[in-house]
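Keep in mind it's a predicted model, so treat the numbers as computed, not measured. Residue numbers start from 1 in every chain, and the chains themselves are labelled A, B, ... in the order their sequence lines are given, proteins ahead of strands. Heavy-atom basis, side chains included; hydrogens, waters and symmetry copies ignored.
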2 protein chains.
Amino acid sequence: MPATRKKKDALEVSKTILHTAKQLFAEHGVESVSMHQVAKAANIGQGTLYRRYANKSDLCMDLMKDNFSTFAANIDKLLHDQKDSPVQERFNLTVFHLMRFFDDKFDWISVIQIPRHCEPDQATFFNSPPYMFLYDTYHSLLLEAQEKHELIELDIEFTTHLLITSFSPESFMYLKKIKGYPIEKIAACFCQTSINPLFLPK
Amino acid sequence: MPATRKKKDALEVSKTILHTAKQLFAEHGVESVSMHQVAKAANIGQGTLYRRYANKSDLCMDLMKDNFSTFAANIDKLLHDQKDSPVQERFNLTVFHLMRFFDDKFDWISVIQIPRHCEPDQATFFNSPPYMFLYDTYHSLLLEAQEKHELIELDIEFTTHLLITSFSPESFMYLKKIKGYPIEKIAACFCQTSINPLFLPK
DNA sequence: GATATTACCGGACAATTGTCCGCATGTCAA
DNA sequence: TTGACATGCGGACAATTGTCCGGTAATATC
């Protein structure tokens, strides 16, 4: 063969994968690009790709890491800046921001969420940094509201989980594409239905 | 070949498919059986199988039709029998029954819900009889509550949709398997978080 | 009754995901 | 330098989903 592939620096390979995948995904859309294509474009074997990333969801998650981080930082900053406004208001603000992020990165997120098979001690969405960040954020807000006696009686852990997971990509897509709801309306309705009723009147 | 396959009665083929699939699914589990296996076991070509059912989800949906029907009938009967009790109470009862059904048929339901790609005018879960039954049921209950001035201000259509979709199979599995919540607790928490706060106090 | 038209069957095929194993490369010890 | 061992690369392979098309049976037409 023209050039026997030398053992590459592992870091080099990782960078190449990320760079190539980002390029391909941007060009053809996340859905349409197969792992085989990514491997071929990156000049590595499929086995090599799968050794780094268990599946496409994993790969996307890694490519989204930066986006998630900045989103999380934005939310943190926002909540810090607004820390004197009512909890409920901050909660609504967070949801609005999340919806915009969700909409913006929809293609990626819908690929990431795909994996089924919820077995114990396995990497799932529920162990991922994005879930954990949202969990912490919502949990803190609910706890704060509870301490201030602004919250109805709730199982806070359950509620936190439910608020995060109740918005599936399919459902979002359905509301947006089929029902034609603008994002602002979706966010507003979600707050109206799922967030605000958790707070005591007054 | 020993016996040239005669054109079979279409109805005969359909029955054979359903019977064979039910058998195979029961024996090996819904997840583990491929469409290829079903076709082979039913002595038909894969193309024939796919002409009847666009995918495994479709096939499962058809096999579950009876189960859905009896479930729907049970709920209808229940709501009819209890039509004098408070709306909120009936709503909670419905959710408890649904949870039990969900748990009972979990393997099937998690296969059925899989399809992504929410394009307009395409068969999705949101067009399926189960979704539509739940939609009608929830919608009626919410409307009744609204007429009786027992409901907070809501976008009823949105709320109906959200209540149906907020419980994904993955989330249910996570709560049950990983968090170890019994079904009754899941149902109770769901009512506490998502149903009861929609009703005006007193 | 012969021929054209239609319906629809069934298996071959393509595409994708994910796994596995032979083999090249690098490291260490003698 | 040489041999033993470890690392990990990469393509071949298996499994599955879904599509397509050649061909045959049923039906309509004359």
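- Atom CG in B:Asn43 sits about 13 Å away from atom C1' in C:dG11, given to the nearest Å.
- Atom CD1 of A:Ile17 and atom P of D:dG8 are 13 Å apart (whole Å).
- Two residues, A:Met35 and A:Arg51, neighbour DNA chain C, and the one matched to the more 5' nucleotide by heavy-atom proximity is A:Met35.
- Rounded to whole Å, the distance from CG on A:Leu59 to C1' on C:dT16 is 15 Å.
- Atom-to-atom, NE2 of A:His36 to C1' of D:dC13 comes out at 13 Å; the value is rounded to the nearest Å.
- Between the NZ atom of B:Lys40 and the P atom of D:dA15 there is a distance of 11 Å, given to the nearest Å.
- Side-chain proximity of B:Gln46 to C:dG18, D:dC9, D:dG18: nearest is D:dG18.
- Residues B:Thr48 and A:Lys56 both approach DNA chain C. Their nearest nucleotides, taken by heavy-atom distance, put B:Thr48 toward the 5′ side.
- At least one donor-acceptor pair under 3.5 Å links the side chain of A:Lys56 to the backbone N or O of A:Glu31.
- Spacing between atom OH of B:Tyr50 and atom C1' of C:dA14 amounts to 13 Å, rounded to whole angstrom units.
- Not a single side chain to side chain donor-acceptor pair (under 3.5 Å) links B:Tyr135 to another residue, sequence neighbours left out.
- Closest to the side chain of B:Ser34, from the set C:dG18, D:dT16, C:dT17, is D:dT16.
- Contacts of A:Phe199 classified as ring pair (Phe, Tyr, Trp, His ring centres under 6.0 Å), with partners at least two apart in sequence or in another chain: none.
- Residue A:Gln37 contributes atom CD, which lies 14 Å from atom C1' of C:dA14 at whole-angstrom precision.
- B:Tyr181 carries B:Lys185 over the face of its six-membered ring, with the cationic atom under 6.0 Å from the centre and within 45° of the normal.
- In this structure, the OH atom of B:Tyr53 is 15 Å from the P atom of D:dG18, given to the nearest Å.
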